[in-house]
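One structure is given below, encoded as structure tokens.
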Amino acid sequence: MLSATWHDLAVVPAELRLDPTLVCGQAFRWKSTGPSEWTCAIFGHVVDLKQTETSVLFRSLGRLSTATKSDDELKSLLCDYFQLHVSLTGLCEKWIEVDPEFKGLAQTQLGVRILRQPVVENTLTFIASSNNNIKRITMLVDKLCKQYGVSIETEKGAFHTFPTIQAIAEDSKIEQTMKELGFGYRAKYYAKTIQSLVQAGDPDVYLESLRSEPAEVARVELMKLSGIGPKVADCILLMSLDKTDAVPVDTHIWQVARKRYVGKSIDPNSVLAADKQERIRELVRQLNAIKSPSTKAYQLAQELIVTLFSPYAGWAQGMLFSDDLVVVPVAGVAKRKLEAE
DNA sequence: AACAGACCTTATAT
DNA sequence: AATATAAGGTCTG
């Protein structure tokens, strides 16, 4: 079989670097298939990506009969997925004006973007993320796809699509199946969430309709689903529902916020309005007073990051989070900086 | 409204 | 080698 030819996504490395973007804990299905090469079954295709010195290339290694044949259409799907209409370098410039210390991140984490992922995939994936680690989340998502997804054969082997809600719903014993796959107590969350999504009509239509709702409304709706609390809801808002100011706060981002801003004074040259500067001082004071993680502590960290980096605070969080991870090349497993220290 | 405790499973630390 | 701790939290009481 003749290999498909590469096409150019036309994006410079400063705007998109695949390696950190695809392993920084927002997407869990891209497989490293070569130096600076990544492969995943998505949009009905097995998409192959390759980072070059000047751009990112893509090609389709195979597809479902229902998927588009057009390279241009696939290209526009990928441009949308990587949200290439957003200028990351432009955002970084703004963030540095507010917080000069962001300059370091703008160098080491440049090219780390927030993806715009299919809502169903993101929702189901992040239910597996609670009280869990990236390595096992990756493994579980892979098992989910192999269990309920569709296999597409390629020259690089078989890749499985992310399953539809309907495909999972056909299983009359979801909880039992997923327990056997290793999901543990989260299996019950899935059984419940799948059930309520099916009852709501077309799950894709419903979940995507949340894109046009205000963030607060969508957040409340998401949290009605079993296994989705405030943190996971914020992940879905940010990574699927276009809420660029949604800032998922976990134990690490809370620590990062404390470490970066407690005890630091606001830069005199900051372009932030006076009332925001005052609010930040107050938030930092309160953040300093709370020594252990709690709902309140997380809310403070969240408001602090939003106040600093709005209207794309979630994107700034993405770089803060990625910075807190260090990739161990040998195992290919993401490990925490703080752990290593 | 706020706050413990429990919780599947796996890997790493002690 | 047995045991504790932590992992992108959520649910329950």
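Note on naming: letters A, B, ... go to the chains in the order of the sequence lines (proteins, then strands), and numbering restarts at 1 for each one. Heavy atoms only: backbone and side chains are in, while hydrogens, waters and symmetry mates are out.
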**Report entry** B/dA13 to C/dG8 separation - P atoms, rounded to the nearest Å
**Finding:** 14 Å
Requested in this report: Grab the CG-P distance between A/Asn131 and B/dT9 for me, whole Å please.
Outcome: 13 Å
Requested in this report: Under 3.5 Å for both distances, Watson-Crick or G-U wobble, that's the pair rule; now give the dot-bracket for DNA chain C, with | marking pairs to another strand and [ ] for crossing ones.
Outcome: .||||||.|||||
Query raised in the report: Restricting to pairs with a member in residues 223-247 of chain A, which pass ring pair (Phe, Tyr, Trp, His ring centres under 6.0 Å), not counting sequence neighbours?
Result: none
Query raised in the report: What pairs meet the salt bridge (charged side-chain N to carboxylate O under 4.0 Å, His left out) rule with one or both residues in residues 193-205 of chain A, with sequence neighbours excluded?
Result: none
Query raised in the report: Where along residues 179-198 of chain A does a heavy atom fall under 4.0 Å from DNA chain C?
Result: A/Tyr185, A/Tyr189, A/Lys192
Query - With sequence neighbours excluded, residues passing side-chain hydrogen bond (donor to acceptor under 3.5 Å, both in side chains) with A/Trp38 - result: A/Asp19
Query - A/Gln302 CD - C/dG8 C1' separation (whole Å) - result: 14 Å
**Report entry** Name of the residue among A/Arg281, A/Arg279, A/Arg285 meeting side chain to side chain contact (heavy atoms under 4.5 Å, CB included) with A/Leu283
**Finding:** A/Arg279
Query raised in the report: Restricting to pairs with a member in residues 223-243 of chain A, which pass salt bridge (charged side-chain N to carboxylate O under 4.0 Å, His left out), not counting sequence neighbours?
Result: A/Arg116-A/Asp242, A/Arg211-A/Asp242, A/Arg219-A/Asp234, A/Glu221-A/Lys224
Query - For A/Trp6, the rest of its hydrophobic cluster, which grows through side-chain links under 4.5 angstrom - result: A/Leu57
Query raised in the report: Quick one: A/Lys143 NZ to B/dT9 P, roughly how many Å, whole number?
Result: 11 Å
Query raised in the report: Say you pick atom P in C/dA4 and the same atom in B/dA6; how far apart are they, in whole Å?
Result: 14 Å
Query raised in the report: Mind checking what makes side-chain hydrogen bond (donor to acceptor under 3.5 Å, both in side chains) contact with A/Ser310, not counting sequence neighbours?
Result: A/Asp245
Report task. In whole angstrom, give the distance that lies between atom CG of A/Asp250 and atom P of C/dG9. Result -> 5 Å
Report task. For A/Thr251, answer base if it contacts any base atom (sugar-phosphate contacts may also be present), sugar-phosphate if it contacts only those atoms, and nothing otherwise; contact means non-hydrogen atoms under 4.0 Å. Result -> sugar-phosphate
**Report entry** A/Gln26: side-chain hydrogen bond (donor to acceptor under 3.5 Å, both in side chains) partners, not counting sequence neighbours
**Finding:** none
**Report entry** Salt bridge A/Lys94-A/Glu97, side-chain N to carboxylate O under 4.0 Å
**Finding:** no
Requested in this report: Mind calculating the distance between NZ (A/Lys135) and P (B/dT9) to the nearest angstrom?
Outcome: 17 Å
**Report entry** Partners meeting side-chain contact (heavy atoms from CB on, under 4.5 Å) with A/Leu140 (sequence neighbours left out)
**Finding:** A/Asn132, A/Arg136, A/Phe183
Report task. Could you name each residue pair satisfying ring pair (Phe, Tyr, Trp, His ring centres under 6.0 Å) that touches residues 120-148 of chain A, not counting sequence neighbours? Result -> A/Phe28-A/Phe126
Requested in this report: Pull out every residue in residues 223-243 of chain A that has a heavy atom closer than 4.0 Å to any atom of DNA chain C, ordered by number, or say none.
Outcome: A/Leu225, A/Ser226, A/Gly227, A/Ile228, A/Gly229, A/Pro230, A/Lys231, A/Val232, A/Met239
Query - Rounded distance in Å - CD1 (A/Ile253) to P (C/dG8) - result: 12 Å
